[in-house]
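Everything below concerns the one structure shown next.
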Amino acid sequence: MSTLKAVRGTRDLLPPETELWNFVEETARRVFARYNFGEIRTPVFEDTQLFARGVGEETDIVSKEMYTWEDRARAQSEKAQSLTLRPENTAGVVRAYIEHKLGETGLLQKLYYIGPQFRRERPQKGRYRQFYQIGAEVIGPPSAGSESPLRDAEVLEMLATLLDELGITGWHLEINSVGSAMDRPRYVAALREALGPVKHLMCEDNQRRAETNPLRVLDSKDPGDQEIIDKLPKIADFLDESSKAHFAAVCAALNACGVPYTVNPRLVRGLDYYTRTTFEFTHGGLGAQNALLGGGRYDGLSEIIGGPKAPGIGFAMGEDRLILTLEAQAAARTNLADAYVAPMGEGLNPAALKLARELRRAGLRVELGDGGFRLKKSFEMGNKLARKIVLFGEDEQQSGILTVKDFASGEQVKVPRADIVPVLRK
RNA sequence: GCGGCUAUAGUUCAGCGGCAGAACGCCUGACUGUGGCUCAGGAUGUCGUGGGUUCGAUCCCCACUAGCCGCCCCA
């Protein structure tokens, strides 16, 4: 019988790597808090219809990458419900916004989430079937200013700050506008028209895209097709006046606060709900999966899933990939305990636990050895696990004077038990 | 979903149709209340799983599974 393993595309996160995950999440929470975002936690599974309608029936995510199953009907009168593990979190947040009538507050809702998402894709480095995203959404009624380009710029500025505080160097921001819900169909129609006579000259993939999703032709990497792509209509020429002004205002605000970016007229996003501003932060050294995070504005999403008019903008950051770049950038951090308490003799174990308890209650990070170890072994273990060792033998117990040795300096001192905490803290 | 590469000790990897190897790590001792460095010794294992070829397979062949890389797509 084969041994049980984590299923394909899932994995365990173990120390010390989890230290890095906590660092990322704590940093994100700290930064979001400064912008007055609050945390939202939505269920990991939802009615399949939410994603089908919200994300778009025709997207790959919905058509072939979802974990979907029929829930059991509890009674004969009840129909089995189709449920799906969330492939992304924006639809869930907007559903919660509608369900709890958050628009009725008249205020902008600024919500962030941190949690697992699920897509049934072929696993690769930085791409897992259970993956983790950190994201945030700014959503609200138009009267609260939810359509303002200032919101877009503020979110982008916040992300630049977050990446800086995470210590990510060399990130790159690309932005674009895909126009309003009215502009986009006009542009897609023009694209189809322009592609008609030339698509047979392009690679197989692009011929297929020209049919199924012409927008995707734009970010094709095929070198032979670049010349044709460059001559295709630009979406910027199809934006109405208000979309143009909106995008210009986003850029102006970014310029004002010195956040570097480039406008990429080919940046289209895969999800159907995006309108106007779209953006992506990328990082080299991630191979083909070079996007650290992406997002955009979704002025019509709430209405698509049956809610009130509630324009919004948000992003999702791939935490797995972020960790990869951090690991590549920084040497693995060692996490030594402050002290290794070494009882010398099994009879001293209970008293050693009491000592360790006192030190831990004082806030120290403490490893506790075992009186069954020989002294040499205590030192070997202590040297691997902690910065200092505290010897606790008969002498020490009776005299109340503890022996402390610093592994780095080799210095050894005798310290009265009452004074030990500051010595260990050094 | 498609293509390529890979799978051997705790880890990183070498290797060969005929008893399974190295380095690091681990254990023991030199050193019985003193770690790191050094030296001497020791144990590593269903060679991913299942079939096939063969006197004999860890090695060759097939399938499966998993990982990595790329494609599709996407954060």
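Here the structure is a predicted model, which is why all the values come from computation and not from measurement. Below, chains carry the letters A, B, ... as their sequence lines are ordered, and counting in each starts from 1.
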Using atom P of each nucleotide, how far apart are B/A23 and B/A75 to the nearest Å? 49 Å
Nearest whole angstrom, please: distance from the P of B/C69 to the CZ of A/R122. 12 Å
Residue A/Q124, side-chain heavy atoms: nucleotide from B/G1, B/C72, B/G33 that is nearest: B/C72
A/M344 has an atom CE; how far is it from atom C1' of B/U34, in whole Å? 10 Å
Base, sugar-phosphate or nothing for A/E121? Non-hydrogen atoms, less than 4.0 Å. base
Sequence neighbours left out, what passes side chain to side chain contact (heavy atoms under 4.5 Å, CB included) with A/D230? Give chain and number order. A/R266
Contacts of A/E174 that satisfy side-chain hydrogen bond (donor to acceptor under 3.5 Å, both in side chains) - sequence neighbours left out: A/N264
Enumerate all atom pairs, one protein N or O and one N or O from nucleotides 43-45 of chain B, separated by less than 3.5 Å.
none

What's touching nucleotides 27-30 of chain B from the protein side, N or O pairs under 3.5 Å?
residue : atom : partner : partner atom : Å
B/G29   : OP1  : A/R374  : NH1          : 3.4
B/G29   : OP2  : A/R374  : NH1          : 2.9

Base-pair string, RNA chain B, Watson-Crick plus G-U, cut-off 3.5 Å on both distances, | for inter-strand, is (((((((..((((....[..)))).(((((.......))))).....(((((..]....))))))))))))....
Using a 6.0 Å cut-off, check whether atom CD of A/E358 has over 12 heavy atoms from anything other than its own residue. yes
Apply side-chain hydrogen bond (donor to acceptor under 3.5 Å, both in side chains) to A/H100 and list each qualifying residue two or more places apart in sequence or on a separate chain. none
Who are the side-chain hydrogen bond (donor to acceptor under 3.5 Å, both in side chains) partners of A/E99, not counting sequence neighbours? A/R95
Side chain of A/Q412 only, heavy atoms from C-beta on: which candidate in B/A75, B/G33, B/U34 is closest? B/U34
Identify which nucleotide among B/A75, B/U34, B/G35 has an atom closest to any side-chain atom of A/L375, counting heavy atoms from C-beta outward. B/U34
B/C47 to B/G42 separation - P atoms, rounded to the nearest Å: 23 Å
Taking the C1' atom of each, how far is B/U65 from B/G25, in whole Å? 29 Å
Measuring only the C1' atom in each nucleotide, how far is B/G52 from B/G67? A whole number of Å is fine. 26 Å
Separation of the P atoms in B/A57 and B/A20, to the nearest angstrom: 13 Å
For A/Y112 and A/F32, run ring-ring contact (aromatic ring centres under 6.0 Å, His included): C-alpha distance rounded to whole Å, both residues' side-chain angles, the deciding distance at 0.1 Å, then the answer. CA-CA 8 Å; A/Y112 76 87; A/F32 294 157; 5.0 Å; yes
Considering only the C1' atoms, how many Å lie between B/G10 and B/A43, rounded to the nearest integer? 12 Å
Which of these, A/E154, A/E157, A/K110, sits in a side-chain hydrogen bond (donor to acceptor under 3.5 Å, both in side chains) with A/Y35? A/E157
On the nucleotide B/G67, are OP1 or OP2 found under 4.0 Å from the side-chain N or O atoms that A/R8 carries? yes
Could you go over nucleotides 37-40 of chain B and give all protein N or O partners under 3.5 Å, atom names and distances?
none

Enumerate the protein-to-nucleotides 5-12 of chain B contacts in which both atoms are nitrogen or oxygen and the separation is below 3.5 Å.
none

Rounded C1' spacing from B/C13 to B/U6 in Å: 13 Å
P spacing across the pair B/C64 / B/C55, given as an integer number of angstrom: 28 Å
Counting any heavy atom closer than 4.0 Å, what does A/A408 reach on the DNA or RNA strands: base, sugar-phosphate only, or nothing? base
Going by the rule side-chain hydrogen bond (donor to acceptor under 3.5 Å, both in side chains), which residues pair with A/N36 if we only count those two or more places apart in sequence or in a different chain? none
Establish, yes or no, whether the cationic atom of A/K376 lies under 6.0 Å from the six-membered ring centre of A/F379 and within 45° of the ring axis. no
Scan for ring-ring contact (aromatic ring centres under 6.0 Å, His included) pairs involving residues 115-140 of chain A, sequence neighbours excluded, and state none if there are none. A/W21-A/Y132
Hey, can you pull the donor-acceptor pairs under 3.5 Å for the side chains in residues 395-409 of chain A, sequence neighbours left out?
residue : atom : partner : partner atom : Å
A/E396  : OE1  : A/G393  : N            : 3.0
A/E396  : OE2  : A/T403  : OG1          : 3.0
A/S399  : OG   : A/D395  : O            : 2.9
A/S399  : OG   : A/I401  : N            : 3.1
A/T403  : OG1  : A/K414  : NZ           : 3.1
A/D406  : OD1  : A/A408  : N            : 2.8
A/D406  : OD1  : A/S409  : N            : 3.2
A/S409  : OG   : A/E411  : N            : 3.1

